[in-house]
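Take a look at the structure below.
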Amino acid sequence: MKRYDPSKIEAKWQKIWQNEKPYEAVDFDDARPKIYLAEMFPYPSAAGLHVGHVRNFTIVDVLTRFYGQLGYNVMRPFGYDTFGLPAENYAIKTGTAPQAVTTENIANFRNQAQRLGYAIDWSREISSSDPEYYRWTQWIFARLFERGLAYQKESDQWWCPVDKTVLANEQVEAGKCWRCGAEVEKKTMKQWFFKITAYADELLDNLDDLDWPDKIKTMQRNWIGKSVGAEIDFVIANEAKQSSGTTAGSLRVARDDGEIITRDDAIITVFTTRPDTIFGATFMVLAPEHHLVKQITTDQQRQKVNQYVEQTQKKSDIERQENKQKTGVFTGAYAINPATNEKIPIWVADYVLANYGEGAIMAVPAHDERDYEFAQKFNLPIIEVIKPQLSKTDLKNSIWTGEGIMVNSMQFDNQNSGTAREKIVKWLSKQGIGREKVNYRMRDWLISRQRYWGTPIPIAYDSKGQPHLIPDNQLPVLLPGVEDYKPDDSGRSALAKADDWPKVTIDGQEMTRETDTMDGYADSSWYLLRYADPHNTKRAFDAKKIDFWNPVDIYAGADHAVAHLLYVRFWTKFFADEGLIGFREPVKKLIYHGYVNAPDGQKMSKSKGNVIDPLDIIDNGYGADTLRTYEMFMGPMDQDVAWDIASVGGVFRFLNRIWNLTQDFIAQPNDKVDNELRRAQHKTVKKVTGDIKRLSLNTAIAALMEYLNTLAKNPKRINRENIEVLLKLLAPFAPHMANELFEQLGNKTVIDNAGWPEYDEKLTEDEQTTIAVQVNGKLRGEIKTARDASKTEVKTAALELENVQKFTDGKTIAKTIYVPNKIINLVPTD
RNA sequence: GCGCGAGUGGCGGAAUUGGUAGACGCUGCAGACUUAAAAUCUGUUGAGGUAAAACUCGUGAGGGUUCAAGUCCCUCCUCGCGCACCA
């Protein structure tokens, strides 16, 4: 008898798959349904595949093979996210050119992916640092530029002092760089942005219809952070000379110190989501960076205010976030509350953020917790304008921030705050001092990176510093080889140091190239389209091919909940608006799986020395089939799981038993149909099919184990069909073994083409069913009956059970609940 | 603080629609084979209880709805993740 030796059979089948290319997708094949599956393409690190990749790729592989067996025209491509910081940092560390490192790492990744037996369409392999790819990333930049969706702006940006580049908001996590963890700094620089905010509403609204995990959708909603409210103008009041009045067109107001300021400077606009509470606005607060702070501050308060502003500017954002104690200073100035016409003081405090809304608020301490805290601390008046429709006991110590009935609000009294809100906005807008306003927390996507290893931004500047697109026919703007690509503190990438490269002639004009490169997320925002037409040299992609394959049916990943998955949605919407594609969402179903952690539950990391190398597992004799099956079996897909080598052994034993069982059958074949095994077989087909469809892969494998246990108990009664069905169901998880044994059984076709087994619903049910017998809801016994047994029959049989009689003796049955084939519950009178 | 998840044996987990809690795997224990070990195979493995059964308890805690609750409702605790002064 042959022994199970994974190394032999896996090498054999991998070679066959490489030579015969059975997993290439067919464009425009209408005879079969199509399905497009993809994983988030990996950064090919020098360390090779890790167990997390294996989980990610195997999930997609199981589905690829499953749908393939079901007869689908499956596209499952593969690619590499090669541009970006990790590759460049690695190149710097090892003193090799990023180009060379990348080529080497791709070869390694490809080789390792093949050693795992993935059913990849290798004809569609792409990598983002390939000029044939980034040429089109540049082309897309140009289209965005033409529509005003790529623009330049000078502003404060997050700068990572370690990676020496600016970062997008999405790449700053709790004030730290997402890559290296260094605390980021503010730096004023002129940078390129993509105007993702133009799509804010659609990005938010379309989330509702996506078959994505709620967790991701919630994160994206929070990130977009839509707030519907109003802008309201407050006029700055003058204590001493109230009556300086207006002159034509502009309001002129005198300040305490006598200086006259014009209307533009005399208005503070605020954003609020609760205009209904305006009658309770008893003070105003400006962010320390607000442009009016200097002008309105009175001489008396000037020193204190300056000191406070200086102090907060010195603090990093982290420090500002850490200290939740309210601080602030009175400016000495007042504004008029337009609803009450009362004079209210204007304060400066860092709890108001400069970069959201107007950087100024009307403070309603009775109905906002932060304002309340501030008012308590500085003894500012609190006026209640909304009465909750609840008993007061609920709010003893806190203030009411919900809806309610308006009070102290003149003509709006006794109305519901929700309806009053709209009326107040109308009332204010009639007076020209208020308007509806929607604000978003999301900012535009900053894409400039002061690093070498990225897609060059296809822009050049004329002598006046005006940006011009590099014409399409001069694309790609090739990344030149340079000697020294290390980043520095100059705020410019290494490309600025490349001798002649920045010089370019466009339309006969001498210009200077942009030397920053694009954020790597730009590259990954359209690769799911390129897969459908990976070798097109005339355009980014052919609309007909996109139309055939895209959007992606199932996309699997474990990271990038906000950044990548928001950007790729943004670009898809842009492409649709450009008429390049016919859909507005890139991914129908998203699988967001958990991490594979070290045995102690900690994250695997080189520094902790707890990294499990998947290739070691293969080479130690377990083989790729065991590794793949184990990673699918270790727990539900969406959960984090800890590595457990003992369980790897359990899965190996499972496969080994299938091997031995099949060898025994080959030695002593049997043709007879055994009813019990046939039923077990059909039951298993139903269960495994259903489980794979609902992505419950761990229970699908458990069902295969159960089926194997049933077969192994009756080795003599197993027939060919029993075994072949087992192998077909196993094939997505352990394709090498399934193919090998299927062949050993004498089949001429490979198992991939042998179809997915079907089941007969009637055969998935036992002829006899076991019915649990309860008395008063407690289990007292079991009876076996025919499937179609009537309630009366079952009841009679149940009442005959000795153990049931013990609990029903001398009592009458008041109620009988019967769930066919499941349970009967007898409820006696007391 | 707010939002979203989750809490089930010694461990990972299962229970898809309110219907027999603990599938499947690991570990442990006992046995077979072996000079021995590994491998393999068989049995067993929630707690209490019993010679064996019966029976009692049991899905984070407490209450509720129901013939019936891991599952639904209320209150609370713990952990994880996300957001974090966004007006």
### Task
Just call it for A/G650: base, sugar-phosphate, or nothing, with non-hydrogen atoms closer than 4.0 Å on any strand.
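Sugar-phosphate contact only - A/G650 comes under 4.0 Å of backbone atoms but never of a base.
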### Task
Assign A/N355 to base, sugar-phosphate, or nothing according to its heavy-atom contacts below 4.0 angstrom with the strands shown.
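It contacts nothing in the nucleic acid.
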### Query
Does the side chain of A/R221 get closer than 4.0 angstrom to OP1 or OP2 of B/rG82 through an N or O atom?
no
### Message
So, OP1 or OP2 of B/rU27: does either fall under 4.0 Å of a side-chain N or O from A/R653?
### Response
yes
For the side chain of [X], counting heavy atoms from C-beta on, which of [options] is nearest?
{"X": "A/I823", "options": "B/rC26, B/rG19, B/rC83", "value": "B/rG19"}
{"X": "A/M219", "options": "B/rC26, B/rA87, B/rG82", "value": "B/rG82"}
{"X": "A/V819", "options": "B/rA87, B/rG19, B/rU27", "value": "B/rG19"}

### Query
Would you say the side chain of A/K326 and the base of B/rC85 hold a donor-acceptor pair, judged only by whether the two atoms sit under 3.5 Å apart?
yes
Take [range] nucleotide by nucleotide from the 5' end and write B, S or -, depending on whether a protein heavy atom sits under 4.0 Å from the base, only from the sugar-phosphate, or from neither.
{"range": "nucleotides 51-60 of chain B", "answer": "---SSSS---"}
{"range": "nucleotides 8-15 of chain B", "answer": "----SSSS"}
{"range": "nucleotides 65-72 of chain B", "answer": "--B-----"}

### Message
Can you tell whether the side chains of A/R421 and A/E403 come within less than 4.0 Å, N to carboxylate O?
### Response
yes
